[in-house]
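Sequence lines set the chain letters: A, B, ... in the order given, protein chains first and strands last, and positions in each chain run from 1. Hydrogens, waters and symmetry mates are skipped; everything else that's a heavy atom, side chains included, is used. As the structure is a prediction and not an experimental result, all values here were calculated from the model.
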Amino acid sequence: MNEILDKFGVDWKLLLAQGINFFILFFILKKFVYGPIVSILRKRKTDIEKGIDFTRLAEENLKNADETKSATIKDAKDKALSIVAQAEASADLRKAEMLKDAAAKRDNVVAEARTIIDEHKGKMIEGAYSEAEGFLRLALEKVLGRMPVEERDRELIKDALKEARVITNNANQIK
Amino acid sequence: MINIPTVAAEKIFEIGGFHVTNTLLLSWIVIVFLGILALCIKLGFNAIPKGLQNLFEWMIEQLLNLTEGIFGSRKDAEKYLPFIATIFIFVLFSNWFGILPGVGSLGVYEEHNGHTILVPFFRSAGSDLNFTLALAVITVLGVNILGIVAIGFFKHFGKFISFKSPISFFVGILELISEVARMVSFSFRLFGNIFAGEVMLVIAAFFLPYVLPVPLLALEIFVGLIQAAVFAILASVFISIAVKEHH
């Protein structure tokens, strides 16, 4: 056995030296490399997991926000449409009222105008007949050559004008 | 003349009766290199990694993922990472330093048994059984110590010494033998691979210099990685078995 070990150059001092080498390296690497690297890898892993969780949460929030946004926009559109419809209905109602008022005013104005016109017309006709009476008297006076016209003639003229007025009125009604 | 490397590491100098071999010298260089690297990482450590820190973070993360797969939990993987990662890194860098230019080729010619042989100043630590055996012993002892810490002394050694039944007693004896066998397999697997690689490179360089060693050097880079990974994975598996209660 010793001969074999000698042949391979096995020496307990060298074995010990190599063992010590291993432990020196072990402590150097443990202190300077494994500790910091393992802790940073662990921290990085935790950070990445946190990041993934945050991303998932943010995506969910974004999705919720999108849904809320869509719902809000839909509500706003519905409300806007409703407001527009109400405004249209209100405007139509108002328009109808205004048209009705305008028509009523117009009718009043027309009626008043017609009354005034009729009054004026009556007055003018009365005036015309009064003047016609004077003209007729003067005409008769000139034709007959005597003055003043008697009461009887005056009554005749009045009757004649009355008949003329009835005929004119009938003629207007027929028109 | 072809200089086949010797099985035993060559002595380079002596410090107070302690012979320093070329493999031990390279081990020290590896430790100094890794120590400086670790210090650089520590000094330039940043929450946003860059450069060297990136590389080490990636390496540690890969080892953590690997050990997590073996242990079944991230917590256990982080707990045993320093031990497993140190094995991996030490073996890996020792293997890769062994194929650097000058390692195994720079040295002095000496007379041995009437033959002039080249004694290199540096040789891959893995080609020395002292290195591989020391790591194997540390690993097996470490596995048992971690097992005791995790499940208790009696429960742990209950799998080696059991009087419940003749079969369990026999299985216990086999377990005890397998612990020794693990040391042998751990040490000789690594030693065999790295030493064979060195011999192969020397022979290749002798027969077809500059050409044939190139693909073999690439192969040695791969072998160095694979052997480091095998050593670390086996250590992880043995630790994961040791720290769980057996029924």
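Of all heavy-atom pairs spanning K7(A) and A8(B), the tightest one is O-CB, 3.7 Å. Minimum interatomic distance between A17(A) and L24(B) (heavy atoms only, all atoms of both residues): CB-CD1, 3.9 Å. Counting all heavy atoms, side chain and backbone alike, S27(B) lies closest to N21(A) at CB-ND2, 3.5 Å. Counting all heavy atoms, side chain and backbone alike, G9(A) lies closest to N130(B) at O-ND2, 2.8 Å.
Taking CE of M59(B) as the start and CD1 of I37(A) as the end, the distance is 9.5 Å to the nearest 0.5 Å. From I31(B), atom CD1 reaches atom CZ of F23(A) across 12.0 Å, with rounding to the nearest 0.5 Å. Here F33(B) contributes atom CZ and L25(A) contributes atom CG; the two are 11.5 Å apart, rounded to the nearest 0.5 Å. Taking CG of L64(B) as the reference point, atom OH of Y34(A) lies at 10.5 Å (rounded to 0.5 Å). For the atom pair CD of E78(B) and CZ of R42(A), the computed distance is 4.0 Å after rounding to the nearest 0.5 Å. Note: Q18(A) CD to T23(B) OG1 = 6.0 Å, rounded to the nearest 0.5 Å.
With a 6.0 Å radius and a threshold of 12 heavy atoms from other residues, nucleotides or ligands, W58(B) has its CH2 atom at or below the threshold. Taking a 6.0 Å sphere around CZ of R74(B), one finds it holds more than 12 heavy atoms contributed by other residues, nucleotides or ligands. Within a 6.0 Å sphere centred on CG of L57(A), heavy atoms belonging to other residues, nucleotides or ligands number more than 12. Annotation for E67(A): atom CD counts as buried by contact number, over 12 foreign heavy atoms lying within 6.0 Å. Around the CZ atom of F18(B), the shell of radius 6.0 Å holds more than 12 heavy atoms that belong to other residues, nucleotides or ligands.
Considering only heavy atoms from C-beta on, I40(A) comes within 4.5 Å of F45(B) through its side chain. A 4.5 Å side-chain heavy-atom check between E57(B) and R44(A) finds at least one atom pair inside the cut-off. Side-chain contact between F83(B) and F22(A): present, with at least one pair of heavy atoms (C-beta onward) separated by less than 4.5 Å. Considering only heavy atoms from C-beta on, L34(B) stays 4.5 Å or farther from I28(A) through its side chain.
The contact between V10(A) and chain B is made by backbone and side chain atoms together, counting heavy-atom distances below 4.5 Å. For F188(B), the part lying under 4.5 angstrom from a heavy atom of chain A is the side chain only. Residue contact with chain A, scored on non-hydrogen atoms closer than 4.5 Å, is absent for L63(B). Looking at L14(A), the atoms closer than 4.5 Å to chain B (heavy atoms on both sides) sit in the backbone and in the side chain alike. The contact between I87(B) and chain A is made by backbone and side chain atoms together, counting heavy-atom distances below 4.5 Å. Both the backbone and the side chain of K13(A) come within contact range of chain B, with heavy atoms under 4.5 Å apart. Interface residue L41(A): only side-chain heavy atoms are found under 4.5 Å from chain B.
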For this session: Please assess F56(B) against F32(A) for the test ring-ring contact (aromatic ring centres under 6.0 Å, His included), listing each intermediate value before the final yes or no.
Result: CA-CA 11 Å; F56(B) 263 76; F32(A) 296 141; over 10 Å; no

For this session: Just do the side chain to side chain contact (heavy atoms under 4.5 Å, CB included) check on F90(B) and L29(A) with the steps written out, would you?
Result: CA-CA 10 Å; F90(B) 197 19; L29(A) 293 179; over 6 Å; no

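Of the listed residues (D11(A), D6(A), I24(A)), the one with the most heavy-atom contacts under 4.5 Å to chain B is D11(A). In terms of heavy-atom pairs under 4.5 Å with chain A, the best-connected choice from A9(B), G35(B), P49(B) is P49(B).
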